[in-house]
Amino acid sequence: MSQFLYRFVGELSSRERAYFNRYARTYSDSAEKNYLKLYRLLEKNKGKPYTQVQAMLKKAFPRSLSSENNYLYKQLMNALINFHFGTSQYRELSRLCFAIDLLIERGFRVKAERELKKAKRLAYKYEKFNIILQLIQLEEEMLFKHGILNFTKELRRLKKERSLITEKLQNLMNYRLLQEQVRELQFSHGTVLSEAFLTDYFDEPALIHDASRALSIRALEKWYYIQGLKYFLCRQYEQSLQADFQHLQLLEEHEHLFKPAQKLRSISNLLYMCAMNADPMAFFKLLPKLEQLQHIKSIDEDYILYIKMTRQLELYYQCQNKQETRQLLEKADLSFLKSTDHKLGVVEVDYFVSLIIRAYIILRDFDLAADWQHYWFQVERLNVSINERLLFSLIIHYELGYIALLQSEVKTVEATLRKKAKLTALERSIIQFIKVYIRYPKQEKEDLEKLVAELRRIKDNLEENQLFSLFDFYKWAKEKIGLLEGK
């Protein structure tokens, strides 16, 4: 038995399992069919180790396991295709295409024409361009098979229609490519971006600069998404906020075209930009739209709670609201993360933990920051966040006074960062400060003052201050001096 089928059966929803059981009773003349015995054994033993289940099935089907495996897969797919036919516009339109094809084949031209017009209206409404091309082909086949008046004129009309739809489809594909390019930039580029850089980077930069080049609502949606992320990467946060507002407005005006998950992503991005602009009024005005999505079955409530927590942590950081930060951290504990991390991707877990560590550093609760830092290094690492992780680690252990640990850690941090790339000015300055502090702890205040001066210069340099949008190292060092002077 293949591991794929073992997992496939184990991940069926309760509604899918119920439908397959009804399907099997309808299309199988006996409940003792071997493929049904195989299915029930898999269903009964889901969750057990694969090797254990495999040995059990080999014993139950010593000669026919492979063939029953293949037949069960085919029957499952037949049932699931039928079950899910009406769950999306694309699948419903595909069903109409099958029906029209059968009507044409059997010679029912009038009925086929009616169904085809109905299908085309829906396909245009939902901008399903691939389906429209299929319908054009069916319409042409109907013309060739039944031959009606204005035959040549109709073929020319369909040729022109196909050309227009193909252009729209290609245009949409171009915007999908541009969207992925800008998303890759988000995780691969270390400095502030410029319009000139973007012009050279993108395959078709003209498509980004001019919204009128988007030939469909779906393409325009991607245009607004690209604008928001482009301005964010250029650190033009006000423009990014405006583009994200326009993006959400477009989704709400054309809800029939987009899935709830797209609206969720748009609201999440918009909340983030409200936070980065330190705009609590706009943030909390928008928040109910996020909470309304909790009632949609296809969206996980825990994921919405994760978005709410992370965006609020970002807002309170940007607004320097320590009181609200402390209250929120009581909810954002490790038990919450462990109960939801299987629903989150690597990026989400990484981001959540980084915000919590930053919050505890700001609150000067370095013992808890160290605990979360330890957890952070246990979860799967993202190359893009390694700089932040290592610098936070140095800051936490420095604040806790762990000089012996810092002696080995600073060497590891420096070697790791050098292996990744050339050290940045920020990394060099903090590493050098830690090295000097280890050797001469009594001159800590004087060395901190030198560090503050260097961090001030780095903070003002757009080519070097990328990490300052995540954590204000200058402010941290300056506050540390104040604490030393107050002793």
Side-chain angles (χ1 to χ4, degrees), residues 77-78 80-181 202-226 250-259 262:
M77 290 308 297
N78 286 337
L80 290 179
I81 288 170
N82 199 44
F83 177 72
H84 287 287
F85 243 134
T87 58
S88 73
Q89 298 95 12
Y90 179 82
R91 291 171 184 150
E92 186 60 40
L93 286 164
S94 296
R95 184 203 288 269
L96 282 171
C97 286
F98 291 141
I100 293 164
D101 186 45
L102 283 172
L103 289 169
I104 294 171
E105 184 179 292
R106 292 168 181 264
F108 295 103
R109 180 176 62 81
V110 175
K111 180 63 174 176
E113 286 178 344
R114 290 175 185 167
E115 292 296 301
L116 196 143
K117 287 179 181 178
K118 173 185 173 183
K120 261 196 177 180
R121 282 197 302 271
L122 288 172
Y124 272 102
K125 177 182 178 180
Y126 294 111
E127 293 192 345
K128 300 298 183 183
F129 302 125
N130 281 320
I131 294 290
I132 295 172
L133 291 177
Q134 291 182 44
L135 292 169
I136 290 172
Q137 183 177 348
L138 287 170
E139 199 168 353
E140 287 174 337
E141 289 177 8
M142 190 159 49
L143 286 171
F144 282 115
K145 187 164 185 176
H146 298 289
I148 60 174
L149 294 174
N150 299 317
F151 183 76
T152 303
K153 180 181 177 181
E154 288 298 303
L155 285 177
R156 286 182 180 138
R157 177 184 64 79
L158 290 171
K159 178 182 177 182
K160 183 179 180 181
E161 186 179 11
R162 176 185 278 111
S163 178
L164 291 172
I165 294 302
T166 301
E167 184 182 9
K168 288 184 178 184
L169 183 59
Q170 185 59 58
N171 179 258
L172 178 57
M173 294 302 106
N174 290 339
Y175 275 105
R176 282 181 175 172
L177 174 60
L178 292 170
Q179 177 178 280
E180 291 309 310
Q181 283 188 292
F202 289 116
D203 287 1
E204 297 186 61
L207 292 179
I208 293 179
H209 299 313
D210 188 357
S212 65
R213 291 177 178 267
L215 302 181
S216 63
I217 300 299
R218 290 186 185 275
L220 186 60
E221 181 271 328
K222 298 194 177 300
W223 186 86
Y224 279 121
Y225 176 85
I226 292 166
L250 183 77
L251 292 178
E252 291 178 333
E253 289 174 354
H254 303 277
E255 285 192 343
H256 66 285
L257 286 175
F258 305 106
K259 296 179 179 179
Q262 288 174 275

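When a residue number appears, it is its place in the shown sequence, counting from 1. Being a predicted model, the structure only gives us computed values, none of them experimental.
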- Query: Got more than 12 heavy atoms from elsewhere within 6.0 Å of CZ, Arg156?
  - Reply: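 No, CZ of Arg156 has 12 or fewer neighbouring heavy atoms, counting only those of other groups under 6.0 Å.
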- Message: With a 6.0 Å cut-off (strictly less than), is the heavy-atom count around OH of Tyr124, excluding the residue itself, greater than 12?
- Response: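 Enclosed: over 12 neighbouring heavy atoms sit under 6.0 Å from OH of Tyr124.
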Give, for atom [atom1] of [X] and atom [atom2] of [Y], the distance between the pair rounded to the nearest 0.5 Å.
X: Ser216; Y: Lys168; atom1: OG; atom2: NZ; result: 7.0 Å
X: Leu169; Y: Asn130; atom1: CG; atom2: CG; result: 5.0 Å
X: Phe202; Y: Ile226; atom1: CZ; atom2: CD1; result: 7.0 Å
X: Lys159; Y: Thr152; atom1: NZ; atom2: OG1; result: 12.0 Å
X: Ile136; Y: Leu164; atom1: CD1; atom2: CG; result: 9.0 Å
X: His84; Y: Glu92; atom1: NE2; atom2: CD; result: 14.0 Å

- Query: Applying the side chain to side chain contact (heavy atoms under 4.5 Å, CB included) test to Gln137, which of Glu141, Glu139, Gln134 qualifies?
  - Reply: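 Between Gln137 and the candidates, side chain to side chain contact (heavy atoms under 4.5 Å, CB included) is satisfied uniquely by Glu141.
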Under 4.5 Å between any side-chain heavy atoms of [X] and [Y], yes or no?
X: Leu158; Y: Leu143; answer: yes
X: Glu161; Y: Lys120; answer: yes
X: Leu96; Y: Leu116; answer: no
X: Ser88; Y: Arg91; answer: yes
X: Tyr126; Y: Tyr90; answer: no
X: Ile104; Y: Arg109; answer: no
X: Glu140; Y: Glu154; answer: no
X: Met142; Y: Ile100; answer: no

- Query: Salt bridge between Glu113 and Lys118, side-chain N to carboxylate O under 4.0 Å?
  - Reply: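 No, no charged N to carboxylate O under 4.0 Å.
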- Task: Indicate yes or no: does Arg218 engage Glu221 in a salt bridge with an N to O separation below 4.0 Å.
- Result: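 Judged by the 4.0 Å cut-off on N to carboxylate O distance, Arg218 and Glu221 do not form a salt bridge.
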Smallest separation among heavy atoms of [X] and [Y], with atom names:
X: Leu93; Y: Ala119; value: CD2-O, 3.5 Å
X: Ile217; Y: Leu250; value: O-CD2, 4.1 Å
X: Leu103; Y: Glu115; value: CD1-CG, 4.0 Å
X: Asn171; Y: Arg213; value: ND2-O, 2.9 Å
X: Tyr175; Y: Leu207; value: OH-O, 2.7 Å

- Message: Run Leu172 and Lys222 through side-chain contact (heavy atoms from CB on, under 4.5 Å) and show every step you take.
- Response: CA-CA 8 Å; Leu172 178 57; Lys222 298 194 177 300; 4.1 Å; yes
- Kindly say whether Ile208 contributes a backbone atom to a donor-acceptor pair with the side chain of Trp223 at under 3.5 angstrom?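 Side chain of Trp223 to backbone of Ile208: a pair is present.
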- May I ask you to decide if Arg162's main-chain N or O and Thr166's side chain share a donor-acceptor pair within less than 3.5 Å?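 Yes; judged by distance alone, with no hydrogens or angles, the pair exists.
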- Task: Carefully, step by step, assess Gln170 and Asn174 under the rule side chain to side chain donor-acceptor pair (under 3.5 Å).
- Result: CA-CA 6 Å; Gln170 185 59 58; Asn174 290 339; 3.1 Å; yes
